[in-house]
Amino acid sequence: MAYQPLNAMSDSVLRGQEPERESDAFTKSSAVERVEELESGVGETIQEGKSSRVSPDSREALRRDSVACRIVDALLERGVTKFFGIPGGPICPLFEALRQADAAELVEVRHESHAAFAAASYFRLTGKVAAVVVTAGPGITNAVTGVASAFLEGASMVVLSGDVAWATHGGRLLQNSGPEGLNVENLLAPITRTQLRVTNAASAVSQTLAVYDAATDPIAGGPALLVLPIDKATEPARFVPIPAPLRRPALKAAQGTVREAAEWLSKAERPLLVLGGACVCVPEIIRQIVDVLDVPFVTTPRAKGVVSEDHPRSLRNGGMAASLWAKSYTVEGVDVALVLGSDLDDVSIGATPYIKRGGKLIHVDVNPQVFNRNLPTSLGITADLESFCQELYEVVLEEGLWNGRGRELMAKVKSLAAYDVPEFFSDASEVIPSHRAVADLQRCLPGARFITDIGEHMLFALHYLRAEIPGMFHIQLGLGSMGSGIAGATGLALADPTTPVVCICGDGGMQMSGMEILTSLKMRLPIIYAVMNDARYNMVHHGMRQIFGEASDYETPLVDFEAWGEAMGVTSRTIRHGGEMNPETMAELRREGGPILLDIRIDREIRVQSGGRVEALKHMSMLSDNSGQAGAV
């Protein structure tokens, strides 16, 4: 482990017990002072008005039967091996337990929200749960944005938060996160699946596993919270074996609804299949559905690449930054649409209306609350996505209910260009446009995984990247938080260290979250940070101008990211023209391993047409001429 023990305190102190000798420096120390001692590593306290220090001889290791060690052991037994976080006083026993556990890997990030962003990406690629480990007070409040993003992404993770010993101490303590302090259980209740606090050492393991089970619920998984006060973390506890529960049966569609959906699609004149973010969890059966139905399909931004965009029925991505194929097909009108695993929010729909007025929309999701929200639903099917698709596949094959118009419908669409700039990959403009930068990155790094942060660059990644395999493209768009792609790249690289990860981000996001590059430097992760540097919050600037006619520049200082990266020991390069990024140059930059920083000086006036977000905002506001008809098609 990279983490080193904070000059481990005496066993009696860590367990919150009174020391045997009156002369011991901890005899009258408060819980707050104990936290300060643990953080300083020196153990200086105040005793009867005098300063005293702990003798190094009195310090002992955290006992292996402590609650902290039992919690780590329980999570390891369930397969949780990655722990993302930042150490601090109230959570230090858990970090010491991680140091002692050979099978646990601690990933020290640079901000607590980044821990959650990284854990979410790790889960989305591997299906394995990671833990986010943060201290009390600012540790857990800093994590809120990342945890909220994971909740909206449906990304399972165990959030372990420390706390001070407020219950046993009885006084007013710094960073109190309990009921009389921050009350973190209530704070995180809207964005976690359950919230438990360790109040009894004997039940700590069962509580830990209950939190894990809530996080991994197959119907409603996501982040789940366990709060561990420092005094409870060091108490001894027995390890009680608790076998993993049998998961509930799949949530199956109501009888007859699958066949009805298949019949509607088979008879449609202009059918459409819409693949949402939940499809990335079951790519094999989704590919089978695409093949057997033989109808055109689009992917929402979060599902980009779940089926290759080179597939003969692919309209590429719909919603925000949609391809021209998707726009053309949907604008002409869709009479029957089958939507799988999407909540159909505004960025998933964008400029591609998935159903015409009077058409039939079939919406399949485990959460019926998403039906009939932004688009009128004709048939809402509450079902587990995998079980629905398997039944649909069998029904179509057994009864011959495929549509058969796919080739004819696609031929007309593909007579048009798919992109705003058809020859974007060879654009030789004096200042490199973002579309050429995206093309050069993909040409230089075949087989790489791509993740995009949030900003104007995101639209270019969605529109111009060609996603060929599941897991190639990633975006955390549930919350749309800047920094999510920069930190999420860490999770992807840890999930598969053999494959390079390209993080497409903006200079604004890099100024906000760029110190996360130190995590990848320390761990020698193969991440290429491609910074689209335009010295402006460009999406904000263009969006405000599009809505109001005029806008502030929203400029930021022009940062020399090559110099910035080299100051930290990161291999860096400035890119100004198309073609400067080529396979030979990239091979040279990657020779030493570890992260690479590319400062790409883009033309900030070039945009993706009809990105989708501004249009949706107009519909939601009084700025729209049709504000009373938001969501109507």
Side-chain angles (χ1 to χ4, degrees), residues 124-125 261-262 265-266 268 270-332 334 336-342 348 350 352 354 362 364 385-386 388-390 392-393 396-397 401-420 422 424-425 438-439 442-443 446-450 461-475:
R124 295 293 278 185
L125 184 58
L265 279 169
S266 68
R270 290 183 59 81
L272 178 67
L273 177 61
V274 181
L275 306 180
C279 294
V280 302
C281 300
V282 286
E284 294 82 7
I285 187 61
I286 293 298
R287 172 59 193 262
Q288 291 178 334
I289 286 294
V290 165
D291 289 339
V292 77
L293 288 178
D294 189 27
V295 300
F297 72 93
V298 298
T299 55
T300 66
R302 290 171 59 206
K304 184 178 174 71
V306 65
V307 177
S308 172
E309 292 183 327
D310 290 334
H311 191 284
R313 302 293 177 268
S314 175
L315 295 166
R316 296 178 55 84
N317 59 292
M320 186 167 61
S323 76
L324 299 190
W325 287 349
K327 288 181 185 178
S328 171
Y329 188 84
T330 56
V331 166
E332 286 192 28
V334 173
V336 178
L338 171 61
V339 180
L340 299 176
S342 170
S348 298
T352 49
Y354 294 134
I362 309 158
V364 181
L385 194 58
E386 186 173 19
F388 171 86
C389 289
Q390 187 60 50
L392 178 63
Y393 180 75
V396 171
L397 279 183
L401 294 174
W402 51 79
N403 185 276
R405 296 180 178 86
R407 180 174 298 181
E408 173 192 345
L409 293 168
M410 290 300 299
K412 181 179 179 181
V413 170
K414 289 193 174 183
S415 66
L416 308 171
Y419 311 99
D420 280 359
F424 66 95
F425 47 84
V438 168
Q442 189 156 31
R443 183 163 47 226
R449 300 188 194 281
F450 284 79
L462 284 167
H463 190 76
Y464 289 102
L465 270 176
R466 191 179 75 259
E468 302 163 321
I469 58 173
M472 177 192 157
F473 180 82
H474 296 262
I475 186 171

Taking only residues two or more places apart in sequence or in another chain, which ones pass salt bridge (Lys or Arg N to Asp or Glu O under 4.0 Å) with [X]?
X	answer
Lys412	Glu332
Arg302	Glu153
Arg443	Asp440
Glu468	Arg466

| message | Can you list everything that forms a side chain to side chain contact (heavy atoms under 4.5 Å, CB included) with Leu397? Sequence neighbours excluded, please. | response |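 Applying side chain to side chain contact (heavy atoms under 4.5 Å, CB included) to Leu397 gives Val292, Tyr393.
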| field | Partners passing side chain to side chain contact (heavy atoms under 4.5 Å, CB included) against Ala448 (at least two apart in sequence or in another chain) | value |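 Ala448 satisfies side chain to side chain contact (heavy atoms under 4.5 Å, CB included) with Leu445, Phe450, Pro500, Val502 only.
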| Is a side-chain donor or acceptor of Thr330 paired with a backbone partner of Ala326 at a separation under 3.5 angstrom? |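 Answer holds: yes.
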| field | Arg449 side chain to His474 backbone, donor-acceptor under 3.5 Å | value |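 Checking the backbone N and O of His474 against the side chain of Arg449, no donor-acceptor pair under 3.5 Å is found.
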| Taking only residues two or more places apart in sequence or in another chain, which ones pass ring pair (Phe, Tyr, Trp, His ring centres under 6.0 Å) with Phe297? |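 Phe297 satisfies ring pair (Phe, Tyr, Trp, His ring centres under 6.0 Å) with His311 only.
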How about [X] and [Y]: do any of their side-chain heavy atoms sit closer than 4.5 Å?
X	Y	value
Thr299	Val307	no
Leu340	Phe388	yes
Leu265	Asn403	no

| CA sep, side-chain torsions, deciding dist, call: Val298, Trp325, side chain to side chain contact (heavy atoms under 4.5 Å, CB included) | CA-CA 9 Å; Val298 298; Trp325 287 349; over 6 Å; no
| said: Suppose we screen for side chain to side chain donor-acceptor pair (under 3.5 Å). Which residues come up paired with Ser348, at least two apart in sequence or across chains? | reply: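 Side chain to side chain donor-acceptor pair (under 3.5 Å) check on Ser348 returns Asp345.
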Side-chain atoms of residues 271-290: list all donor-acceptor pairs with protein atoms under 3.5 Å, sequence neighbours left out, distances to 0.1 Å.
unit_1, atom_1, unit_2, atom_2, d
Arg287, NE, Asp291, OD1, 3.3
Arg287, NE, Asp291, OD2, 3.0

| task | Determine the minimum heavy-atom distance between Leu409 and Tyr329, stating which atoms define it. | result |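 The answer is CD1-OH, 3.5 Å.
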| field | Shortest non-hydrogen contact from Ala262 toward Val396 | value |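 For Ala262 and Val396, the tightest heavy-atom pair comes out as CB-CG2, 4.1 Å.
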| message | Assess the residue pair Leu392 and Leu338 against the criterion (side chain to side chain contact (heavy atoms under 4.5 Å, CB included)); give the C-alpha distance rounded to whole Å, side-chain angles, the decisive distance to 0.1 Å, and a yes or no. | response | CA-CA 11 Å; Leu392 178 63; Leu338 171 61; 3.9 Å; yes
| Crowded around Gln442 CD? As in, over 12 foreign heavy atoms under 6.0 Å? |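 Correct, the count exceeds 12.
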Side-chain donor-acceptor distances from residues 312-321 under 3.5 Å, at least two apart:
unit_1, atom_1, unit_2, atom_2, d
Arg313, NE, Asp294, OD1, 2.6
Arg313, NH2, Asp294, OD1, 3.0
Ser314, OG, Arg316, N, 2.9
Arg316, NH1, Glu309, OE1, 3.2
Arg316, NH1, Tyr419, OH, 3.4
Arg316, NH2, His463, O, 3.0
Arg316, NH2, Leu465, O, 3.0
Asn317, ND2, Ala321, O, 3.0

